[in-house]
Amino acid sequence: MLQQVNGHNPGSDGQAREYLREDLQEFLGGEVLLYKLDDLTRVNPVTLETVLRCLQARYMADTFYTNAGCTLVALNPFKPVPQLYSPELMREYHAAPQPQKLKPHVFTVGEQTYRNVKSLIEPVNQSIVVSGESGAGKTWTSRCLMKFYAVVATSPASWESHKIAERIEQRILNSNPVMEAFGNACTLRNNNSSRFGKFIQLQLNRAQQMTGAAVQTYLLEKTRVACQASSERNFHIFYQICKGASEDERLQWHLPEGAAFSWLPNPERSLEEDCFEVTREAMLHLGIDTPTQNNIFKVLAGLLHLGNIQFAASEDEAQPCQPMDDAKLPREEDWMESDLPKEDLPLPDSVRTAASLLGLPEDVLLEMVQIRTIRAGRQQQVFRKPCARAECDTRRDCLAKLIYARLFDWLVSVINSSICADTDSWTTFIGLLDVYGFESFPDNSLEQLCINYANEKLQQHFVAHYLRAQQEEYAVEGLEWSFINYQDNQPCLDLIEGSPISICSLINEECRLNRPSSAAQLQTRIETALAGSPCLGHNKLSREPSFIVVHYAGPVRYHTAGLVEKNKDPIPPELTRLLQQSQDPLLMGLFPTNPKEKTQEEPPGQSRAPVLTVVSKFKASLEQLLQVLHSTTPHYIRCIKPNSQGQAQTFLQEEVLSQLEACGLVETIHISAAGFPIRVSHRNFVERYKLLRRLHPCTSSGPDSPYPAKGLPEWCPHSEEATLEPLIQDILHTLPVLTQAAAIT
Ligand code: ATP
Ligand code: MG
């Protein structure tokens, strides 16, 4: 059952149309007044151009939040605006009888979500999906919401009784600097880009106090540890250690001042280094004591030294490639001319230092990187094959990625055990989703495919939840409604993940068959098998094998070279075994000798066991996430980046336009503007208001009618006011709606 309010906002009354006319006059009257339009549903006509002009006018007037019906549009100010995020303002939104009547703000969404949790109408879990491209402000917004709940969803009494550091809210906030230090990096598009997806559930008890939180992360970009695009950087934590360690620590971790590390590009760009202390402090509050922290930093220093190990190509295939040390040893040519037999040359410093910091025997470390073991034949005999130089590099990188990814997962689990409430101490949750935005680079690979696949899924969730469901419901209820066209991205999802054949299934099959196939072959397979898809394009001009997916946010060309290998993400078993030999306490914990969980190891020769590929693991975690989201009432915040240079007061229309198009904002506004803002299911409505009939006979409009009668009477003064207080409040708020609902029925 639906109730119509003759207006455009929840909470607005019948005068909304009057406002529309005024606004329209303002709109037509001149650009200057456009900044006054708090809700884009009031712009008339709603077109990309008018929406763009309105957002621009607001941005230039330092107004960064605008409602777009069910969505909040957040423009990145690219400058500090402390007055916009003060605890006083948080409390103001929290205390407001109708926060939606205040200026649009991320706190409005925060507060409405918070009230929904306790609403007697639909006390369900809530989620806030924050989307937008890289650098648009998703992480900032999520952090801002966490701070908001840390202020409003807490009992003031406990502030006095606990030290700040012990408080759960503080611990939850402390998870941010730690996760960002280990999971964020400076990229071309954002100096603090999240290289993982995050879903955090803020857990609330019956009294609506935050009692804990649980974090789930997605697809850390672990390749960054060993490979950074030019002008980009490694994860912040490496720079923090190098800049922030004390003299003593530098000695212990072999990080002399000014040391050059190949995995530490662009160290001169001073961005996050001062944050080392903040990270350490936050770790401490999360229960990671100083010796454990030092152990972590020692291992990370070990990875930096590992990255400095360079191999010289071996002239004899039967001989392993030997390491050289660009700083301490002669260059490669001189090496070749040396009289000493290669095995007698002293080990380069990098090998020795990396091995010592990682608690590994030097020779074993080196050998595992240099030599591949192969099992073959009936008896599974072991053969040792020296690797070529490129393969040595790959194995060295693989070792680093393996350690870093395990360390990151371990950190997340430690954070969770520190902030997660006992199951019986929370009843509902508010989920905050901050995942990497849509990506399109000149060279896109498996990482971008996964990221854009996740964005397609979220867009579909939005479309399904809001656009399609709402319109279909109107049709079922026989309401007068002209259907608004929206872009359904199901065909694109069919192309990526559909059954029986899709891009994912084809890449997975190549992994399973474990056969040598070229990039060109994979391109042909995709083009042939999926030729019927309207979302598959092919760039005939491209010299490299690739395919194009026409995403809802625009076409992206993916290179097929390396896709299959990346999808396998093979971990040579000998490398895992090597790490199991480590004497370092942290690594011993991360790589136990008898691991309970099965690790993703290279499938042995003829094994037919299903290979758990990157894509299939990602798909499973995405499905789980979507399941959780579907079980909640979602709210949406679309972050928009006004320019790609990160400059304040700069609004580049072209750039904003493509973001507006990508998220289908205009369609959303159309539906919100014309739609019914309050939607309560029949069952909930009856549950909620049946009391009215019992308490006051004149509310009944007939013997079997569950609805209140036309013309709701004054509230009965003899009812049980004390216990009914929340109900009374609720009815007072929805009185106009009820009156109209009664009129409809
Ligand atoms: P990515 O997908 O790369 O992680 P993101 O959408 O999470 O990007 P953020 O890191 O949240 O982007 O924002 C980028 C930068 O923009 C921030 O580091 C901050 O400097 C600035 N910024 C974002 N939102 C605000 C805001 N509301 N006020 C001030 N500065 C902001
Ligand atoms: Mg981010």
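Every number for a ligand or one of its atoms is a count from 1 in the order of the listing.
- Atom numbering of ligand 1 starts at 1 in the shown order; those under 4.0 Å from a heavy atom of N192 are 10 (O).
- Remark: distances from the non-hydrogen atoms of A136 to ligand 1 include one below 4.0 Å.
- Between F618 and Y218, the ring centre distance reaches or exceeds 6.0 Å.
- The local environment of NZ in K566 is crowded, with over 12 non-hydrogen atoms from other residues, nucleotides or ligands closer than 6.0 Å.
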Carefully, step by step, assess R280 and E277 under the rule salt bridge (charged side-chain N to carboxylate O under 4.0 Å, His left out).
CA-CA 5 Å; R280 297 197 76 147; E277 246 347 278; 5.2 Å; no

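- Close N/O approach between K138 and ligand 1 is found [any backbone or side-chain N/O within under 3.5 Å].
- Look at T139 and the Mg ion (ligand 2): an N/O/S atom of the residue is under 2.8 Å from the metal.
- Taking backbone and side chain together, S194 holds an N, O or S atom under 2.8 Å from the Mg ion (ligand 2).
- Contacts of F64 with ligand 1, taken as heavy-atom pairs under 4.0 Å, are absent altogether.
- Around the CD atom of E654, the shell of radius 6.0 Å holds no more than 12 heavy atoms that belong to other residues, nucleotides or ligands.
- In this structure, Y149 and Y114 have tilted ring planes: the angle between them lies in the 30° to 60° band.
- For the residue pair H551 / N489, no side-chain donor-acceptor distance below 3.5 Å is found, with atom types taken as modelled.
- Numbered from 1 in the order shown, with element, the atoms of ligand 1 that lie under 4.0 Å from a heavy atom of S193 read 1 (P), 3 (O), 4 (O).
- If you check which protein heavy atom lies closest to atom 7 (O) of ligand 1, you get T139 OG1, 2.8 Å.
- Close contacts between ligand 1 and G137 involve ligand atoms 5 (P), 6 (O), 9 (P), 11 (O), 12 (O), 13 (O), 23 (C) [criterion: under 4.0 Å to a heavy atom].
- Taking every heavy atom of E133 and a limit of under 4.0 angstrom, the matching atoms of ligand 1 come to 6 (O).
- Remark: minimum distance from atom 10 (O) of ligand 1 to any protein heavy atom is reached at N190 ND2, 3.1 Å.
- Considering only non-hydrogen protein atoms, atom 8 (O) of ligand 1 sits nearest to G135 N, 2.7 Å.
- For Y404 and F238, the ring centers sit closer than 6.0 Å to each other.
- Near S194, the atoms of ligand 1 lying under 4.0 angstrom from a non-hydrogen atom of the residue are 1 (P), 3 (O), 4 (O).
- Looking only at heavy atoms of the protein, atom 11 (O) of ligand 1 is closest to W140 N, 2.8 Å.
- Contact analysis puts K79 in contact with ligand 1, with a non-hydrogen atom separation below 4.0 angstrom.
- Ligand 1 lies within reach of P77, whose nearest heavy atom is under 4.0 Å from it.
- For the pair R233 and Y239, the distance from NZ or CZ to the six-membered ring centre is under 6.0 Å and the angle to the ring normal is within 45 degrees.
- Below 30°, between 30° and 60°, or above 60°: for H630 and H461 the angle between ring planes is above 60°, a perpendicular geometry.
- Using cut-offs of 30° and 60° on the angle between ring planes, the pair Y59 and F651 is tilted.
- Nearest non-hydrogen protein atom to atom 31 (C) of ligand 1 is N76 OD1, 3.3 Å.
- The aromatic ring centres of F408 and F182 sit 6.0 Å or more apart.
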